[in-house]
Amino acid sequence: VSKIKQGWISVHRQLQDHWLWQKKPFSPGQAWIDMLMMANHADNKFLLGNELVEVKTGSFITSEQKLADRWGWKSRHKVRNSLDLLQNDKMIVKKNYLST
């Protein structure tokens, strides 16, 4: 591994407001980085319908349709396939949230 590929960088969430980030459709890499920036930096609670939902640090709740719209992708199927690939490569953990 070259020295250039070692270490880490920090990316400010304000990147999401930059004109470069607004160009659609997103690449799969942009979609992954976008999810990293969407993740909570602290535990949080929000109201979903009539239910108070706790979302842990490093997590977020959304839908395939919302991600498709956000990334400029034409179908939920493309989102689902991309999320499955990321999960299979252990880059994300996808959980289904079903309100009871």
Side-chain angles (χ1 to χ4, degrees):
V1 177
S2 72
K3 290 186 178 194
I4 294 173
K5 293 184 181 180
Q6 294 178 354
W8 58 275
I9 63 167
S10 62
V11 178
H12 200 283
R13 285 181 168 90
Q14 278 185 322
L15 174 66
Q16 294 169 310
D17 298 327
H18 195 278
W19 64 267
L20 281 171
W21 202 255
Q22 301 301 318
K23 187 168 171 55
K24 305 292 189 288
F26 274 19
S27 70
Q30 278 178 287
W32 181 57
I33 297 296
D34 195 52
M35 286 191 293
L36 294 176
M37 290 189 290
M38 290 170 64
N40 284 335
H41 65 279
D43 289 353
N44 195 8
K45 293 180 184 177
F46 73 98
L47 197 57
L48 181 62
N50 290 327
E51 186 175 351
L52 190 59
V53 177
E54 184 176 4
V55 183
K56 295 289 188 181
T57 301
S59 301
F60 65 95
I61 295 177
T62 192
S63 68
E64 291 173 352
Q65 186 60 56
K66 286 180 182 177
L67 293 175
D69 293 343
R70 180 180 179 95
W71 299 336
W73 293 1
K74 295 182 190 255
S75 71
R76 292 187 339 221
H77 183 72
K78 181 175 179 177
V79 172
R80 186 177 311 118
N81 286 345
S82 293
L83 295 177
D84 288 345
L85 283 171
L86 292 172
Q87 181 165 273
N88 290 339
D89 201 26
K90 298 179 177 23
M91 297 169 72
I92 65 168
V93 174
K94 183 172 77 167
K95 296 180 182 178
N96 290 328
Y97 178 82
L98 300 175
S99 181
T100 57

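Any value given below was found using the heavy atoms of this structure, including those in side chains, with hydrogens, waters and symmetry copies removed. For the single chain, residues carry numbers from 1 onward in sequence order.
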> Hey, quick one: are Val11 and Met35 part of the same hydrophobic cluster, counting side-chain heavy atoms closer than 4.5 Å, chains of contacts allowed?
Replying inline: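 In one cluster with Val11: Met35, yes.
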> Between Ile9 and Leu36, is there a shared hydrophobic cluster once you connect ILVMFWY residues whose side-chain heavy atoms come closer than 4.5 Å?
Replying inline: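 Linked within one cluster.
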In this structure, are over 12 heavy atoms from other groups packed under 6.0 Å from [X] atom [atom1]?
X: Arg70; atom1: CZ; result: yes
X: Lys94; atom1: NZ; result: yes
X: Lys24; atom1: NZ; result: yes
X: Trp32; atom1: CH2; result: no

>> Would you say Gln30 and Asp34 are linked by a side-chain donor-acceptor pair, where the criterion is simply a distance under 3.5 Å?
In response: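 No - no donor-acceptor pair under 3.5 Å links their side chains.
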Just verifying a value: how many Å separate [X] [atom1] and [Y] [atom2], rounded to the nearest 0.5 Å?
X: Ser82; Y: Ile92; atom1: OG; atom2: CD1; value: 9.5 Å
X: Phe60; Y: Met37; atom1: CZ; atom2: CE; value: 11.0 Å
X: Ile61; Y: Lys95; atom1: CD1; atom2: NZ; value: 10.5 Å
X: Ile33; Y: Met38; atom1: CD1; atom2: CE; value: 13.5 Å
X: Leu83; Y: Met91; atom1: CG; atom2: CE; value: 11.5 Å

> Among pairs that include at least one residue of residues 36-47, which meet salt bridge (Lys or Arg N to Asp or Glu O under 4.0 Å), considering only residues two or more places apart or in two chains?
Replying inline: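 Salt bridge (Lys or Arg N to Asp or Glu O under 4.0 Å) check on residues 36-47 returns Asp43-Lys56.
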> What pair of heavy atoms forms the shortest contact from Phe26 to Trp21, and how long is it?
Replying inline: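 In terms of heavy atoms, the two residues are closest at CE1-O, 3.0 Å.
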> Nearest heavy-atom pair of Arg76 and Ala68: which atoms, and what distance?
Replying inline: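 What the structure gives for the nearest pair is N-CB, 4.4 Å.
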> Is the side chain of Gln65 donor-acceptor paired with the backbone N or O of Ser75 at a distance under 3.5 Å, no angle test?
Replying inline: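 Absent.
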>> Tell me every residue that passes ring pair (Phe, Tyr, Trp, His ring centres under 6.0 Å) with Trp73, counting only those two or more places apart in sequence or in another chain.
In response: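 In terms of ring pair (Phe, Tyr, Trp, His ring centres under 6.0 Å), with neighbours along the sequence ignored, Trp73 is linked to Trp71.
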